[in-house]
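So the structure is just underneath, and the comments pick up after that.
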Amino acid sequence: MSKIDRKRLLREMIFFRRFEDRTFEAYMERKIGGFLHLYSGQEAVATGVLEVIQADRGIGFDYVITGYRDHIHAIKTGAPAREVMAELYGKETGSSKGRGGSMHIFDPSVRFMGGYALVGQPFPLAAGLALACKYQKEGRIAVCFLGDGANNQGTFHETMNMASLWKLPVLFVCENNLYAIGTAIQRSTPMVDQYKRLAAYSIPASQHYGQDIEVVMEAAQSAVDHVRSGAGPYFLELLTYRYRGHSMSDAGAYRSKEEVAKWVQQDPIQILAKRLIEAGELTEEEFKAMEQAVQDEIDNDIVRFAEESPEPKVEELTKYVLEDKPNPRWIGPLEAQGGGHG
Amino acid sequence: MAELAYWEALRRAHDEELANDPMVIAMGEDIGVAGGTYKVTLGLYDKYGEERIVDTPISENSYTGIGIGASMAGMRPIIEIMSINFALLALDTLINAAAKIRYMSGGRAQCPIVMRTPGGTAHQLAAQHSARLARLFMGTPGLRVVTPSTPLDAYGMLKSAVRCNDPVIFIEHESMYNLKGEVPDEEAFRPLEGAEVIREGTDITLIGYNYSVHWCLSAADKLAQEGIHAEVIDLRSLKPIDRETIRRSIEKTHRVLVAEEDEAPVGVGSEIITGIIEDCFFALDAQPVRVHAADVPVPYNYHLEKLAIPDAKDVYQGALKVLGKV
């Protein structure tokens with residue numbers, strides 16, 4: 001990886017951290033409603049895996065799908081950060097035109113096929129995207145991000161069975177942050193190492209340290225190579241940690257201060273920054289300037305765009321339920337001639 | 001004009017749509033090598049291969065979800081679920097995903113899937129193989145729900161459903177697969193919306209959908225022997241409902257009965273009669289009546305099953321009640 005790449009990735013992770021912190025502030029100001037699940041602490045996972053997957057844009061975007069902790073996956077896939085913020089504000093300029101909110105960011109223009117708020121639901125949808133990739137033979141793959149809690153849903157087992165049976169080109173990325181909402185992993189499954197569960201489905205799987213983006217990228221590269229080769233799915237487990245509670249309504253009291261402090265010491269941004277500074281690729285001053293520039297961009301551009309954007313029109317409440325202008329030949333009205341009963 | 005059985009009509013629609021568009025695939029349990037529980041995909045595996053006619057494991061929620069995911073990437077899957085009871089396992093992907101993806105993406109993504117499944121009671125299949133559940137899907141925004149009652153509609157509506165960009169719940173009936181009817185030799189489409197007056201009359205309107213249409217027709221025959229002219233409406237689509245056709249008929253007959261195989265509480269008839277009260281209260285000369293299933297799990301015993309599920313006789317007697325003749 002080049003020096004420039006490492007600096008860019010550092011800046012991206014700072015951007016993602018600040019983006020989430022800013023949404024926290026906007027939520028407290030009551031400008032963002034509903035549920036809000038933040039990604040802070042896990043940045044190296046989405047940044048590293050998606051950097052590898054979409055390094056080769058010759059074939060265009062691969063499909064990416066995820067759960068409800070989806071803002072950063074969307075932005076790193078290519079959804080404009082302005083539109084993601086506007087979606088959180090419920091504005092017409094949002095990624096889903098204000099109809100989806102935090103948990104349902106979509107941007108099919110970059111093949112980001114959504115965040116979903118039913119735990120485990122994206123597994124089969126991802127396999128379906130992969131089925132289409134395999135059938136259409138354009139060289140694409142599908143990538144599915146989900147937390148460790150999702151692996152206890154039936155969809156995990158059903159989908160792994162079919163994905164393996166049909167050798168679908170899908171990369172499952174398990175973001176193991178050790179908690180399913182507020183329940184510690186050892187209290188929800190006897191098999192704490194998630195990658196070991198895949199042996200039951202003959203899917204190759206491995207576990208890696210998810211706080212070091214270079215470790216993530218190396219692991220992701222070999223997983224992606226496997227999937228792109230046509231050998232079938234791969235399950236990548238990355239050990240990570242979320243700093244905040246599950247959502248804004250969760251203070252995270254089920255975790256000890258010592259545990260949180262231990263993980264904050266393993267901050268993905270600090271790990272990479274320290275490495276770059278020690279290697280002489282970055283100075284402390286440059287790092288600080290980078291943080292300031294990101295903050296300015298988010299406050300002056302991203303948030304401003306969201307705040308100044310219009311609300312959806314009330315007369316469009318029922319738009320997008322069904323197709324706007326379906327072909328009347330298929331849909332209606334009923335032909336005058338030729339009744340169904342002869 | 002050929003006479004086809006309902007299952008043959010569905011099979012022909014599959015064949016033509018698979019031939020027409022390479023993005024059309026069929027998925028489901030036993031539909032490939034085994035040819036389908038109701039023969040609807042018989043021979044298509046040999047003709048189109050395993051990539052187009054996909055035999056799935058018994059995993060309804062996830063294979064339906066796989067169909068939905070594939071549809072988001074440009075495919076047009078026809079998903080067969082062997083019995084509507086098993087569709088309950090797929091409700092998450094159908095109701096929480098397929099029905100909502102267009103809306104919660106602000107119209108940027110869509111799920112053009114068809115979920116085909118037989119609802120209804122056949123012969124002594126007992127509680128877990130006799131559900132109807134049309135009412136469950138018609139209460140979900142973002143879905144289309146169609147209930148073809150003839151081979152012509154089965155053929156033409158399935159072709160339309162495959163080409164429709166919305167998710168379509170296509171409800172068949174276990175007792176209708178061998179029903180015969182005329183289907184034109186040339187390609188034809190039947191629209192997914194719009195009820196149809198299938199028998200003209202002046203004295204009472206009988207409204208049915210799916211199998212209950214046939215009870216209405218046979219009740220109308222019996223009423224005719226007594227000089228009563230019943231008009232029969234085949235709803236064809238439960239979502240959306242064609243309230244206009246119902247209104248026009250009631251303004252002519254001033255009396256109405258709704259026949260459904262679903263149970264009554266929160267049934268299809270509840271919705272239809274509410275619409276009638278809203279649209280044509282002052283045109284009614286008598287209280288509307290609904291004929292519906294008993295509010296019990298369907299029993300295995302032959303006689304008890306008969307009691308639980310209505311038939312043409314119940315429609316006939318219900319009509320006499322509306323007409324004030326009992």
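In this text, all values refer to a predicted model and were calculated from it rather than measured experimentally. Throughout, a chain's letter reflects where its sequence line sits, starting with A, and its residues are numbered from 1. Heavy atoms only: backbone and side chains are in, while hydrogens, waters and symmetry mates are out.
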key: A:His104 and B:Lys100, any side-chain heavy atoms less than 4.5 Å apart   = no
task = Check the surroundings of atom CD in B:Glu50: do more than 12 heavy atoms from other residues, nucleotides or ligands lie under 6.0 Å from it?
result = no
note = The interface call for B:Arg199 against chain A, heavy-atom contacts under 4.5 Å, is neither
ask   = Among side-chain atoms of A:Gln121 and B:Asp92, is any donor-acceptor pair under 3.5 angstrom?
value = yes
inquiry  = For a quick test of reading the model, state the closest non-hydrogen atom pair linking B:Pro57 to A:Trp166 and the distance between them.
reply    = CD-CZ2, 4.0 Å
request  = Given side-chain contact (heavy atoms from CB on, under 4.5 Å), test B:Arg102 with A:Glu323 step by step and report yes or no.
outcome  = CA-CA 8 Å; B:Arg102 183 189 295 281; A:Glu323 191 179 27; 3.7 Å; yes
ask   = Looking at A:Thr318, A:Leu317, A:Asn327, which makes the most heavy-atom pairs under 4.5 Å with chain B?
value = A:Leu317
note = Honestly, the part of B:Val54 sitting under 4.5 Å from a heavy atom of chain A is side chain
query = What part of B:Ile25 is in contact with chain A, defined as an atom under 4.5 angstrom from a non-hydrogen atom: side chain, backbone, both or neither?
reply = side chain
remark   = For B:Pro191 and A:Pro333, the nearest pair of non-hydrogen atoms, with its separation, is CG-O, 3.5 Å
task = Would you tell me whether B:Arg108 and A:Tyr320 have side-chain atoms, one donor and one acceptor, within less than 3.5 Å of each other?
result = no
Taking every non-hydrogen atom, the tightest pair across B:Ala70 and A:Leu131 = CB-CD2, 4.0 Å
note = CZ (A:Arg99) and OH (B:Tyr103) are apart, to the nearest 0.5 Å, by 5.0 Å
inquiry  = Is it the case that over 12 heavy atoms from other parts of the model lie below 6.0 angstrom from the CG atom of A:Leu165?
reply    = yes
request  = State whether the number of non-hydrogen atoms from other residues, nucleotides or ligands found under 6.0 Å of A:Tyr116 atom OH is greater than 12.
outcome  = yes
request  = Answer whether the closest heavy-atom distance between the side chains of B:Arg52 and A:Tyr135 falls below 4.5 Å.
outcome  = yes
query = Given a strict heavy-atom distance threshold of 4.5 Å, which part of B:Pro184 is in contact with chain A: side chain, backbone, both, or neither?
reply = neither
ask   = Should A:Trp330 and B:Val162 count as side-chain neighbours, where that means a heavy-atom distance under 4.5 Å?
value = no
Portion of B:Thr56 that has a non-hydrogen atom of chain A nearer than 4.5 angstrom = both
message = Tell me the closest heavy-atom pair linking A:Leu322 and B:Arg144, and the distance in Å.
response = CD1-NH2, 3.9 Å
ask   = What part of A:Gln136 is in contact with chain B, defined as an atom under 4.5 angstrom from a non-hydrogen atom: side chain, backbone, both or neither?
value = side chain
task = Measure the OG-CE distance between B:Ser59 and A:Met162 for me, rounded to the nearest 0.5 Å.
result = 4.0 Å
request  = Counting only heavy atoms closer than 4.5 Å, note whether A:Leu129 contacts chain B via side chain, backbone, both or neither.
outcome  = both
inquiry  = Keeping A:Tyr63 on the side-chain end and B:Gly69 on the backbone end, is there a donor-acceptor pair under 3.5 Å?
reply    = no
ask   = More than 12 foreign heavy atoms under 6.0 Å from NZ of A:Lys137: is that the case here?
value = yes
message = Quick check for you: to the nearest 0.5 Å, what is the distance between B:Asn61 atom CG and A:Leu118 atom CG?
response = 9.0 Å
task = Nearest 0.5 Å please: distance from the CG atom of A:Leu334 over to the CG atom of B:Asp242.
result = 8.0 Å
query = Heavy-atom count around A:Phe35 CZ within 6.0 Å, excluding the residue itself: above 12?
reply = no
ask   = Which bit of A:Asp324 is near chain B, if near means a heavy-atom gap under 4.5 Å: side chain, backbone, both or neither?
value = neither
ask   = Any sub-3.5 Å donor-acceptor pair from B:Ser160's side-chain atoms to A:Ile331's backbone N or O?
value = no
ask   = Are B:Ser62 and A:Glu158 close enough, and set up right, to give a side chain to side chain donor-acceptor pair (under 3.5 Å), and what steps lead you there?
value = CA-CA 6 Å; B:Ser62 294; A:Glu158 294 179 349; 2.5 Å; yes
inquiry  = So for B:Asp166, is it side chain, backbone, both, or neither that comes closer than 4.5 Å to the heavy atoms of chain A?
reply    = side chain
remark   = If one checks every heavy atom of B:Ala161 against chain A at 4.5 Å, the contacting part turns out to be neither
ask   = Roughly how far, to the nearest 0.5 Å, is the SG atom of A:Cys133 from the CE atom of B:Met75?
value = 10.5 Å
